[in-house]
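This structure is a prediction, so every number in the text was calculated from the model and none was measured.
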Amino acid sequence: MKRILTFFLALTMVLSLAACGGKADDNKGKTEVTMTAQEIMDTLKEKLGDSFGCDVAETEDNISGYWGLDMGQVESWASMSNSNSAVNSSYAVIVKVKEGYAQDAAALLQTGYEQILSYSRMYNMDLQKVLQARLFVNGNYAALLILGAQGDWEASDEVQAKFAAEEAAKVDEVWRGIFGSADNGITIPEEDDSNNNGGFFDMTDDEGNNDPVLGG
């Protein structure tokens, strides 16, 4: 009886070790992401479909000029926006950078994002989508993604916010599928109280008419 019990105990230990070994092998089998920035952009475009929102490729001058990125530190890049950017704030900037530059790149993307957010708040354009922006840093990759289908602008802020969050969740899912995680590092600055009427400017005339005019 003791021999049988000892045998089963030994068998259990062997099976446990084998299971642990299998998990270790699985982790070792995971390869690092080696995709170019453009390949990641193409994946986002394919997986998101109508929720991608961008239709115009940006130039290198945009990467180094508007975003201020040091092209000497960038190994590959991809940038797209919407051709009707005045009312559709969809934007995607992805860079694969040299070792040690990812956080600097993310800081520059954050600065550029704050300009987009300021415009969106000023004119109340596509605001809920902009507020759902994603700033990802994974290894030597950094990305700013303002993506999602256009919602109903006549809906309440609550409904628009919910829709934008659902669209952003799709972005998270695709990014997580590539990198294994989708930790959003975006910082949303507080709104300037000097323009607290949602982007509508008071155009009251001498007769007391005060119909708000969008964008002045």
### Query
Do the charged groups of E173 and R176 touch, with an N to O distance under 4.0 Å?
no
Residue pairs passing the ring pair (Phe, Tyr, Trp, His ring centres under 6.0 Å) test with at least one member in residues 155-192, sequence neighbours excluded, are F136-W175, Y141-F179, W175-F179
- Query: Is there a side-chain contact between L145 and I94 (heavy atoms, below 4.5 Å)?
  - Reply: yes
*asked:* When you compare the side chain of L127 with that of Q160, does any pair of heavy atoms fall below 4.5 Å?
replied: no
All heavy atoms of V56 vs all of S83, minimum pair found to be CG2-CB, 3.5 Å
Check your understanding: Is there a path of hydrophobic side-chain contacts, each under 4.5 Å between heavy atoms of I, L, V, M, F, W or Y residues, that connects V130 with V87?
Key -> no
Heavy-atom nearest pair, P189 first then L117, reads CD-CD2, 3.5 Å
Is there a path of hydrophobic side-chain contacts, each under 4.5 Å between heavy atoms, that joins I40 and V171? yes
Compare all side-chain heavy atoms of K96 with those of V74 and state whether any distance is below 4.5 angstrom. no
(Q) Between Q110 and E114, is there a side-chain donor-acceptor contact under 3.5 Å, judged purely by atom types and distance? (A) yes
| message | Are the side chains of I178 and M35 in contact, using a 4.5 Å heavy-atom criterion? | response | yes
*Quick one: are D61 and I63 in side-chain contact, heavy atoms under 4.5 Å?*
no
Indicate yes or no: at least one non-hydrogen side-chain atom of I146 is less than 4.5 angstrom from one of D126.
no
Under 3.5 Å side-chain donor-acceptor pair for N88 and S90: yes
Less than 4.5 Å apart, any side-chain heavy atom of S181 and any of N138? yes
Does the side-chain contact (heavy atoms from CB on, under 4.5 Å) test come out yes or no for Q38 and W77, once each step is laid out? CA-CA 6 Å; Q38 186 60 56; W77 63 272; over 6 Å; no
Check whether any side-chain N or O of K129 sits under 3.5 Å from a backbone N or O of G148 as a donor-acceptor pair, and report yes or no. yes
With the 4.5 Å side-chain cut-off for hydrophobic clustering, are M41 and V137 part of the same group? no
Quick check: does any side chain N or O of T36 sit under 3.5 Å from a backbone N or O of S76, one acting as donor and the other as acceptor? no
dist L144:CG -> I186:CD1 (nearest 0.5 Å) comes out at 5.5 Å
Residues 85-114 vs ring pair (Phe, Tyr, Trp, His ring centres under 6.0 Å), sequence neighbours excluded, gives W67-Y91
Shortest non-hydrogen pair, V93 vs S79, comes out as CG2-OG, 3.7 Å
#### Entry: V174 vs L48 side-chain heavy atoms within contact, under 4.5 Å
yes
When every non-hydrogen atom of L135 is compared with those of A106, the smallest separation belongs to CD2-O, 3.8 Å
Check: Would you say the side-chain atoms of Q128 and K162 include a donor-acceptor pair closer than 3.5 Å?
Finding: no
Steps toward side-chain contact (heavy atoms from CB on, under 4.5 Å) verdict (Y66, I116) = CA-CA 11 Å; Y66 179 81; I116 295 173; 3.6 Å; yes
Checklist entry - Side chains of N82 and S89: is there a donor and an acceptor less than 3.5 Å apart? => result no
Smallest heavy-atom separation, A102 atom then G139 atom, equals CB-O, 3.4 Å
**Report entry** L147 vs E167, side-chain contact (heavy atoms from CB on, under 4.5 Å): CA-CA, chis, key distance, verdict
**Finding:** CA-CA 7 Å; L147 300 175; E167 290 294 291; over 6 Å; no
A155 and V159 have their tightest heavy-atom pair at CB-CG1, 3.8 Å
So OG of S64 and CE of M71: to nearest 0.5 Å the spacing works out to 6.5 Å
Residue pairs meeting salt bridge (charged side-chain N to carboxylate O under 4.0 Å, His left out), one or both in residues 38-60, sequence neighbours left out, come to none
